[in-house]
Every structure is written in structure tokens, then in C-alpha cells.
Amino acid sequence: MENEICERVARIRRELEEAACERWGRAPEIIAVSKTVAAPVVNLAKQAGIKRLGENRVQEILEKMPYLDASFQIDLIGRLQSNKVKYIIDKVSQIQSLDRESLAQEIDRRAGQRGVRMPVLVQVNIGNEPQKGGVAVEDTLTFARWAASLPGIKVRGLMAVMPDIDDEQALRPYFTRMRRLFEALRDEAITSTEIEELSMGMSGDYLLAAQEGATHVRIGSAIFGARTYA
Ligand SMILES: *Cc1c(COP(=O)(O)O)cnc(C)c1O
């Protein structure tokens, strides 16, 4: 198992470098999506050089965290209910799924109580899909600007979950649009912090994401194998 995870990460890293280096000068960082994967298995990713994990459920983070290698940073990547912010505000390194005002206000409030600024990415509903979270494309810059003005929030970039499209030609423009949004946000220099993370691409499409300028890819099943939901 250990070797398998190491080999998979090494292969993905090589592929990302090939896909990205010529155009962008560096490959995106891999965030290993460890949802549903047991802590002892997740910990094997450490040897593969993985530093950041993606988890999508608050309950699972709370249960698993005591067993995870303490040096991992955890990014929350799933939809977050406002009433659960208090449980994870001091546990996760970043919230990638900021997608509405009420959530921003609650993060701001809880971070303020602790005297910290919580790093977040604004999630964009790039495919304009009703079943997906994320702010509308046309609202993204206004929303990010507003969120960045809250003292408890540090906006560090954008995140998107791509539409489920198999055809590469049809999917690529969504990645390109995300990159343009990211560049527009970065060029605005709206905050005292730098806009430096564009999180897009998963197991099925990380090469496209790397080609189109992702700084971070979120990869689960291609590292840990197919998920089995209990
Ligand atoms: C599960 C998940 C991923 C990883 O999915 P894989 O296809 O297993 O790589 C990435 N991003 C989000 C938001 C997820 O929920």
C-alpha cells in the first residue's frame, strides 16, 4: 500500500510537471483529498511528500484528526454549514468553500473571537450548475472584495469544482475562465494579502487544470484508490 501511494503521487507529480512547466514555470501543488480514507492510510501519503489534505465533512475531520500525522495541513473543501464553523475554525488551515455572505460573516465572527484571520478561497460555480455550491461567475470579484474587507478573513484565491464533462475540448474553457477570474482578482490587489491560490482539477482532469494554470489540484481517488462509502 505504502509503495503504491508513493508511486501514484510520484507519477502524478511527473505528469503535472510535464503539463505545466513549459507554460507556467512550475507545476501545481497536490492537495491529497483524504475523505473517507482511514487515517493510517492517509498518513502513508506523508512519505510521498504530501503536505496538505482536503476533507469535505466537519464530522469526519473531528473524528480523524487525532490519528492524522500532525504536520499535515487540512483544507476544508466541501460545503460548510455556518453552524459548524465553530468546530473547525482552529482545526483547518484553510476553507476553500467560501460561497456565501452568511458563511463569510460567521467565519469572520469566529476568527475574530480567536484573534486570527482565516485563510479562505472563494468557491466559484464556474459551470453555473444549480446543484453545485459557489458564487456566480459575475459576482465573484465583488464578493471576494467584500469578503477580503472582513477583518477575520484572508482571501487567498479561488476554488472551483468543474462540470462533469468528459470531452476535453468542451471542458477546457471552464478552466481557462477560472484562470482569467483568478488573474483579474490578483491584478486588483484588493487585500493586504496576496492572491496566490487557484484550486481546480481533480483525479479525472488534473492535467487539463495544470495546463490551464491551476496552482493547486485536489486529488483523491487517483492517490488513494476508489472511495467506498459506508
Ligand atoms: C472529492 C473531491 C475531490 C477529489 O475527487 P477525486 O475525483 O477523487 O480526485 C476534489 N474536490 C472536491 C471538492 C471533492 O469533494
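Sequential numbering from 1 along the given sequence is applied to the chain's residues. Just so you know, ligand 1 is whichever comes first in the structure, and atom 1 is the first atom listed for that ligand.
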Revision key, fill the gap. To atom 10 (C) of ligand 1, the nearest of Met162, Met200, Met202 on a heavy-atom basis is Met202
Review point. Short list, please: which atoms of ligand 1 are under 4.0 Å from a heavy atom of Ile77?
Key: 11 (N), 12 (C), 13 (C), 14 (C)
Revision key, fill the gap. Taking only non-hydrogen atoms of Gly220 and a 4.0 Å limit, the atoms of ligand 1 in range are 4 (C), 6 (P), 8 (O), 9 (O)
Review point. Do the side chains of Lys91 and Ile74 get nearer than 4.5 Å, heavy atoms only?
Key: no
Check your understanding: Is it the case that Gln123 and Arg79 place a side-chain donor and acceptor less than 3.5 Å from each other?
Key -> no
Point to revise | Atoms of ligand 1 close to Ser203 [distance to a heavy atom under 4.0 angstrom, numbered from 1] | key: 6 (P), 7 (O), 8 (O), 9 (O)
Exercise for review: Kindly confirm or rule out a cation-pi arrangement of Arg179 over Phe182, judged by NZ or CZ under 6.0 Å from the six-membered ring centre and within 45° of its axis?
Suggested key: no
Practice item. Give the numbers and elements of all ligand 1 atoms closer than 4.0 Å to a heavy atom of Ser221. Key: 6 (P), 7 (O), 8 (O), 9 (O)
Review point. If we only count heavy atoms from C-beta on, is the Asp99 to Phe143 side-chain gap below 4.5 Å?
Key: no
Point to revise | Lys35 bridged to Glu60 by N-O distance under 4.0 Å | key: no
Practice item. For Val120 and Val155, run side chain to side chain contact (heavy atoms under 4.5 Å, CB included): C-alpha distance rounded to whole Å, both residues' side-chain angles, the deciding distance at 0.1 Å, then the answer. Key: CA-CA 5 Å; Val120 305; Val155 175; 4.1 Å; yes
Check your understanding: Should Asn56 be counted as touching ligand 1, given the test is an N or O pair under 3.5 Å?
Key -> no
Review point. Looking only at heavy atoms of Gln96, does any of them come nearer than 4.0 Å to an atom of ligand 1?
Key: no
